[in-house]
Protein chains: 2
Amino acid sequence: MPRKALNREQIVQAVVGLLDAEGADSLSMRQLGSRLGATAAAVYWHVKDKEEVLVLAADAVWREIQLHDLEGSGWRAAVTTMANDLHAMTLRHPWLVPAMSCHAPHAPGRARYEDHLRAACEAAGFTGREAEQATKTVLTFVFGTAFGEHKGEATASTAEDLAFGLQVILDGLQGRLDARP
Amino acid sequence: MPRKALNREQIVQAVVGLLDAEGADSLSMRQLGSRLGATAAAVYWHVKDKEEVLVLAADAVWREIQLHDLEGSGWRAAVTTMANDLHAMTLRHPWLVPAMSCHAPHAPGRARYEDHLRAACEAAGFTGREAEQATKTVLTFVFGTAFGEHKGEATASTAEDLAFGLQVILDGLQGRLDARP
DNA sequence: ACCTGAACACCGTTCAAGT
DNA sequence: ACCTGAACACCGTTCAAGT
């Protein structure tokens, strides 16, 4: 006897919790249903299929990242903070990277983050196409780091690698800014 | 009536073919068995489980990458070629990145490639820990690029992004070499 | 040593039927 | 509108039994 009908918000929250607790392999629509006090089939009234459920969860977690004001401490610090925050988020949700690699590239939660990162690059002095490329380079590198982190690898050494690679990228970008007219 | 007993080599080859043709989602042990003219259970005589099958396939494809002599055309060219070749390989086998994200980080096929990339970094002048970090930075970036490439995104623009990001990283690494005693 | 057939405990998804 | 129960067509894996 459900007090209130299910809704998508509720489902997404349950999926994230289940993925965090059990991992991506053991997520089933049946288990998801039962966590919601309903049957698997009930979930299908609210979502199209399992893939949609994963897409929703994979986008929701991006909203956990707090976006700070870009005025003040310089673009290198801003980009570094954003990269570290994204990295920390991928560590909280180890299922995210595998889930994203199979599904939906562009969704609003992720777009929110990417827009802010791009703004940080524009604040640094990049414009147009180059701002886009700088944004993508940083994002791509953090994804690659998260990707290399699954099971086994020492987390400490990966954090250091992240820092090293990020410095290298920022130095390279700085060089491009300096070479501008 | 099998002429000859199955072997692992044969199984790995069949898995790669199946993954290339059908994608990772539709790989099943039953289908794999039937492609080999056998039953799913027969495969279990040769491998532990489905995960091992994926690990073997995910390592085998690294051997497709040809490794060139490092003498001659400079470290930037060498690293760029290696990055492009790895990238091309991930495009031939789009199932690889998702498969790797869940399974076994270090296997001989991959190690063979990484060792050569590290040698290229050492030829550039990096030593010890820094050579390791430089290697990992490049590798991480190519993984990130491959990761961002699944379904939808224009391949042309991603190739250009790869080139841009790689330049940025090489510039950043160059700066570190120049700042050496 | 190597393989088959059948079974177990699961899946995702659909769909009539209920309220 | 929203949910259940039962069913369909699949899974991965195990294991006795065959050769």
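Hydrogens, waters and symmetry mates play no part in the numbers below; they use all other heavy atoms, side chains included. Proteins get letters first, then strands, A, B, ... in listed order; numbering begins at 1 in each.
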Of the listed nucleotides ([options]), which one gets closest to any side-chain atom of [X]?
X: B/Asp49; options: C/dT4, D/dT13, D/dA7; value: D/dT13
X: A/Ala41; options: C/dT13, C/dT14, C/dT4; value: C/dT14
X: B/Ala5; options: C/dT4, C/dC2, D/dC3; value: C/dC2

Distance-only donor-acceptor check, side chains A/Asp20 and A/His93, under 3.5 Å: yes
Under a plain distance cut-off of 3.5 Å, with no hydrogens placed, do B/His87 and B/Glu149 share a side-chain donor-acceptor pair? yes
OP1 or OP2 of [N] sitting under 4.0 Å from any side-chain N/O of [X]?
X: A/Trp45; N: D/dC2; value: yes
X: A/His46; N: D/dC3; value: yes
X: B/Ser28; N: D/dC11; value: yes

Rounded to whole angstrom units, what separation is found between the [atom1] atom of [X] and the [atom2] atom of [N]?
X: B/Glu52; N: D/dG12; atom1: CD; atom2: P; result: 15 Å
X: B/Leu27; N: D/dC10; atom1: CG; atom2: P; result: 16 Å
X: B/Met29; N: C/dC11; atom1: CE; atom2: P; result: 19 Å
X: B/Tyr44; N: D/dC11; atom1: OH; atom2: P; result: 12 Å
X: A/Leu54; N: C/dG12; atom1: CG; atom2: P; result: 10 Å
X: B/Ile11; N: C/dC3; atom1: CD1; atom2: C1'; result: 12 Å
X: A/Leu36; N: D/dC2; atom1: CG; atom2: C1'; result: 14 Å
X: A/Arg30; N: D/dA7; atom1: CZ; atom2: P; result: 13 Å

ring-ring contact (aromatic ring centres under 6.0 Å, His included) between A/Phe147 and B/Phe143: does it pass, once the steps are laid out? CA-CA 7 Å; A/Phe147 174 78; B/Phe143 279 153; 5.1 Å; yes
Taking all heavy atoms of B/Asp49 and all of B/Tyr44, pick out the closest pair and write down the distance. CA-CE2, 4.0 Å
State the pairing partner of C/dT19; accept Watson-Crick or G-U wobble contacts with both distances under 3.5 Å, and report none otherwise. D/dA1
The Watson-Crick or G-U wobble partner of C/dT14, with both key distances under 3.5 Å, is D/dA6
Examine A/Trp45 and A/Leu54 and state if one hydrophobic cluster contains both, with Ile, Leu, Val, Met, Phe, Trp and Tyr joined whenever side-chain heavy atoms are less than 4.5 Å apart. no
Base, sugar-phosphate alone, or nothing: which one does A/Leu32 contact when heavy atoms must sit under 4.0 Å apart? nothing
